[in-house]
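Labels below follow one simple rule: chain letters A, B, ... track the order of the sequence lines, proteins then strands, and each chain is numbered from 1. Computed over heavy atoms, backbone and side chain alike; hydrogens, waters and symmetry mates excluded. Everything quoted here is computed from the prediction, not taken from an experiment.
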Protein chains: 2
Amino acid sequence: MQNIKVAVDAVVFGYFENKELHILLIKRNIEPFLDSWALPGGLVKNEETLEEAISRELHEETGVKTTFIEQLYTFGELDRDPRNRVISVAYLGLVNPKSYDLKASTDASDAQWFSINNLPNLAFDHLTIVTKALERLRTKIQYQPIGFNLLKTEFAFSDLESLYQSILGRDVDRRNFRKKIMSYNLLIETKNLRKEGSGRPAKLFQFNQEKYQSLEQQGFYFEV
Amino acid sequence: MQNIKVAVDAVVFGYFENKELHILLIKRNIEPFLDSWALPGGLVKNEETLEEAISRELHEETGVKTTFIEQLYTFGELDRDPRNRVISVAYLGLVNPKSYDLKASTDASDAQWFSINNLPNLAFDHLTIVTKALERLRTKIQYQPIGFNLLKTEFAFSDLESLYQSILGRDVDRRNFRKKIMSYNLLIETKNLRKEGSGRPAKLFQFNQEKYQSLEQQGFYFEV
DNA sequence: GCAAAAGTGTTTGCCTTACACCCATGA
DNA sequence: TCATGGGTGTAAGGCAAACACTTTTGC
């Protein structure tokens with residue numbers, strides 16, 4: 001008789017402007033790995049799909065709802081959880097972290113953003129999952145315009161540029177990058193300027209999601 | 001109490017030279033979908049990993065062992081199986097079909113190759129899975145040299161060329177394609193010629209897997 | 001007027017694409 | 001010698017990469 005539990009876990013990335021890429025972790029308040037940091041997630045209920053499960057768990061444990069979420073990989077090794085055989089369907093999510101105040105709930109004693117360059121020890125095989133998620137994100141932002149989910153609705157071009165630099169971990173030529181992105185005509189120029197900080201104020205843009213979706217269906221490929 | 005079963009299913013592609021791309025299906029000999037064609041697969045045992053499960057099921061049901069297998073996607077909708085909630089971790093496999101005689105075993109009354117252009121009705125949501133596998137294969141052969149798994153160890157250049165044409169569904173310029181592939185220095189020229197059929201005999205090549213793996217680790221990217 | 005960040009064009013070279021003829025073999 | 005598939009080079013254009021100065025604002 002099969003005795004395997006099915007869980008979902010989410011690697012949710014958040015980007016703080018001009019800072020590093022972060023991921024969302026919760027502090028466990030039950031054994032095993034009591035007080036360790038772990039990915040938000042939990043067992044799937046009998047009457048919900050995997051997508052419903054991950055959205056529910058994420059919201060319950062952290063208060064966050066992602067603007068982008070996709071299935072990443074399913075981890076099914078034998079010894080993932082000391083209690084039971086548990087396979088975990090992992091998801092990759094993106095969100096602008098300033099849109100939410102983190103709230104920890106009953107399932108977790110705390111929820112917090114951690115820089116990917118400074119992660120605590122993680123429970124279970126969650127470091128493996130995070131590594132795979134990062135790899136996927138690095139690959140994917142180069143051929144799908146998903147990075148906008150990490151920014152506010154209105155953003156300056158330099159935000160996009162430093163976002164790409166953070167994720168790819170290398171410099172991007174400002175002029176070439178702008179030329180490339182602009183050539184797709186997927187940004188809507190707003191009338192707003194950002195005047196914070198010093199220097200010349202930056203024009204603010206919005207990503208035209210509808211236009212992208214219609215172009216995509218016609219076989220258009222985004223590429224950085 | 002969670003009551004969800006975990007299954008694995010494989011979409012195994014095979015290529016018959018100068019013909020179309022095929023997938024491996026089994027004929028079900030139990031309800032539901034008795035006598036329908038379906039993907040090889042079945043429930044995961046408590047003490048085996050997902051990879052072990054898919055290899056075992058595939059071998060039991062068809063006699064085939066793939067030279068390439070990777071996880072594709074996990075399907076977790078509520079109504080996939082009329083008996084129970086079953087989530088299925090799908091795998092994508094590649095094999096040279098001439099390496100095996102298909103044998104049907106106790107779990108299946110028949111196993112057979114079907115052209116992807118002429119599939120029978122499939123059980124469960126297996127058509128969805130096949131569609132996703134095809135999409136992945138089309139994308140992936142363009143940036144990873146996995147197509148060689150569909151050919152014999154020694155193959156003519158024209159085999160590779162028509163393989164790519166079959167999978168991508170479009171013409172490929174013979175000269176440019178050869179130039180590109182050759183530029184990677186990943187083929188070993190054998191001393192053998194293929195004399196079957198008419199016309200000038202073709203030189204036979206082998207793919208240099210070891211060299212590819214070492215290049216890959218150094219950050220090399222294959223691309224067609 | 002100076003510090004700080006935003007905004008902007010041009011040139012160069014490489015890589016992709018398009019394209020057609022000769023070669024080796026068997027019948 | 002003809003039919004069949006195998007094997008090969010070159011030219012043109014488009015695209016990516018490299019590169020530095022001007023503009024706008026706050027102080």
Side-chain angles (χ1 to χ4, degrees), chain A residues 15-19 141-143 145 151-152 154-166 168-207 219-224, chain B residues 15-19 141-143 145 151-152 154-166 168-207 219-224:
Chain A
Y15 178 68
F16 294 86
E17 273 141 44
N18 289 313
K19 290 207 224 129
I141 57 159
Q142 297 186 68
Y143 66 89
L151 302 175
K152 290 188 220 154
E154 300 200 347
F155 54 88
F157 220 99
S158 57
D159 296 336
L160 190 60
E161 195 190 310
S162 44
L163 169 65
Y164 270 79
Q165 294 189 159
S166 299
L168 298 177
R170 58 176 161 83
D171 278 9
V172 169
D173 182 277
R174 191 147 49 106
R175 282 168 291 189
N176 292 338
F177 182 73
R178 191 176 180 121
K179 223 183 306 176
K180 184 82 176 210
I181 300 289
M182 286 302 196
S183 73
Y184 296 129
N185 277 313
L186 285 170
L187 298 190
I188 300 165
E189 188 172 338
T190 70
K191 286 170 186 161
N192 305 325
L193 296 177
R194 183 194 313 161
K195 300 196 175 173
E196 299 154 27
S198 62
R200 176 173 173 175
K203 287 183 201 164
L204 296 179
F205 296 87
Q206 292 188 358
F207 179 63
F220 163 80
Y221 278 97
F222 176 87
E223 203 194 324
V224 175
Chain B
Y15 178 68
F16 295 85
E17 274 142 41
N18 290 312
K19 291 206 222 126
I141 57 160
Q142 297 186 68
Y143 67 90
L151 301 175
K152 290 188 221 155
E154 300 200 347
F155 54 88
F157 220 99
S158 57
D159 296 336
L160 190 61
E161 193 190 312
S162 42
L163 169 65
Y164 270 79
Q165 295 190 158
S166 298
L168 298 177
R170 58 176 160 84
D171 278 9
V172 169
D173 182 278
R174 190 147 52 104
R175 283 168 290 190
N176 293 338
F177 182 72
R178 190 174 182 124
K179 223 181 309 175
K180 184 82 175 212
I181 300 289
M182 286 303 194
S183 73
Y184 296 129
N185 277 313
L186 286 170
L187 297 190
I188 300 165
E189 189 172 337
T190 69
K191 286 170 185 160
N192 304 325
L193 295 177
R194 180 188 316 155
K195 300 196 174 172
E196 298 155 28
S198 61
R200 176 173 173 176
K203 287 184 203 164
L204 295 179
F205 296 87
Q206 292 188 359
F207 178 63
F220 163 81
Y221 278 97
F222 177 88
E223 203 194 326
V224 175

Student: Would you say A:Leu151 and A:Leu160 make side-chain contact, with heavy atoms under 4.5 Å?
Tutor: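 Answer yes - side chains close enough.
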
Student: Which distance, rounded to the nearest 0.5 Å, do you find between the CZ of A:Arg178 and the OG of A:Ser183?
Tutor: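 With rounding to 0.5 Å, CZ (A:Arg178) is 13.0 Å from OG (A:Ser183).
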
Student: Which residues pass the ring pair (Phe, Tyr, Trp, His ring centres under 6.0 Å) test with A:Tyr184, sequence neighbours left out?
Tutor: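 Residues passing ring pair (Phe, Tyr, Trp, His ring centres under 6.0 Å) with A:Tyr184: A:Phe220, A:Phe222.
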
Student: One character per nucleotide, please: for nucleotides 21-27 of chain D, 5' to 3', B when the base has a protein heavy atom closer than 4.0 Å, S when only the sugar-phosphate does, - otherwise.
Tutor: --BBB--

Student: Just grab all the ring-ring contact (aromatic ring centres under 6.0 Å, His included) pairs involving residues 188-207 of chain A, residues at least two apart or on different chains.
Tutor: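 Qualifying pairs, neighbours excluded: A:Phe148-A:Phe207, A:Phe157-A:Phe205.
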
Student: According to salt bridge (charged side-chain N to carboxylate O under 4.0 Å, His left out), who are the partners of A:Glu189, at least two apart in sequence or on a separate chain?
Tutor: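 Applying salt bridge (charged side-chain N to carboxylate O under 4.0 Å, His left out) to A:Glu189 gives A:Lys203.
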
Student: So, using side chain to side chain donor-acceptor pair (under 3.5 Å) as the criterion, who are the partners of B:Gln165 when residues are at least two apart?
Tutor: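 Scan of B:Gln165 (side chain to side chain donor-acceptor pair (under 3.5 Å), adjacent residues dropped) gives none.
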
Student: What residues, two or more places apart in sequence or in another chain, satisfy side chain to side chain donor-acceptor pair (under 3.5 Å) together with B:Glu154?
Tutor: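 Partners of B:Glu154 under the side chain to side chain donor-acceptor pair (under 3.5 Å) test: B:Asn192, B:Gln206.
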
Student: To the nearest 0.5 Å, tell me how far B:Tyr143 OH sits from A:Tyr143 OH.
Tutor: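 So the OH of B:Tyr143 and the OH of A:Tyr143 are separated by 6.0 Å.
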
Student: Looking at residues 181-192 of chain B, who's got a heavy atom less than 4.0 Å off DNA chain D?
Tutor: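 The stretch gives none, as no residue of it lies under 4.0 Å from the strand.
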
Student: Give every donor-acceptor pair under 3.5 Å between a side-chain atom in residues 169-176 of chain B and any protein atom, sequence neighbours left out.
Tutor:
unit_1: B:Asp173; atom_1: OD1; unit_2: B:Arg175; atom_2: N; d: 3.0
unit_1: B:Asp173; atom_1: OD1; unit_2: B:Asn176; atom_2: N; d: 2.8
unit_1: B:Asn176; atom_1: OD1; unit_2: B:Lys179; atom_2: NZ; d: 3.3

Student: Would you say the side chain of B:Val224 lies within less than 4.5 Å of the side chain of B:Ile141, judging by non-hydrogen atoms?
Tutor: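 The answer is no; the side chains never approach within 4.5 Å.
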
Student: List the protein contact pattern of nucleotides 10-17 of chain D with one symbol per nucleotide (5' to 3'): B for base contact, S for sugar-phosphate-only contact, - for none; contact means a heavy-atom distance under 4.0 Å.
Tutor: B-----SB

Student: Test of understanding: with side-chain contact (heavy atoms from CB on, under 4.5 Å), list the residues that count as partners of B:Ala156, not counting sequence neighbours.
Tutor: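 Listed in chain order: B:Ser158, B:Asp159, B:Arg194, B:Ala202, B:Leu204.
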
Student: Within this structure, what is the CD-to-P distance between B:Gln165 and D:dG5, rounded to whole angstrom?
Tutor: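 The distance from CD of B:Gln165 to P of D:dG5 comes to 14 Å, rounded to the nearest Å.
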
Student: What range of DNA chain C does chain A touch, first nucleotide to last, counting atoms under 4.0 Å from its heavy atoms?
Tutor: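 With heavy atoms of chain A under 4.0 Å away, the range is C:dA4 to C:dT10.
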
Student: For B:Arg178 and D:dG5, what is the distance between atoms CZ and P respectively, to the nearest whole Å?
Tutor: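 Between P of D:dG5 and CZ of B:Arg178: 17 Å.
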
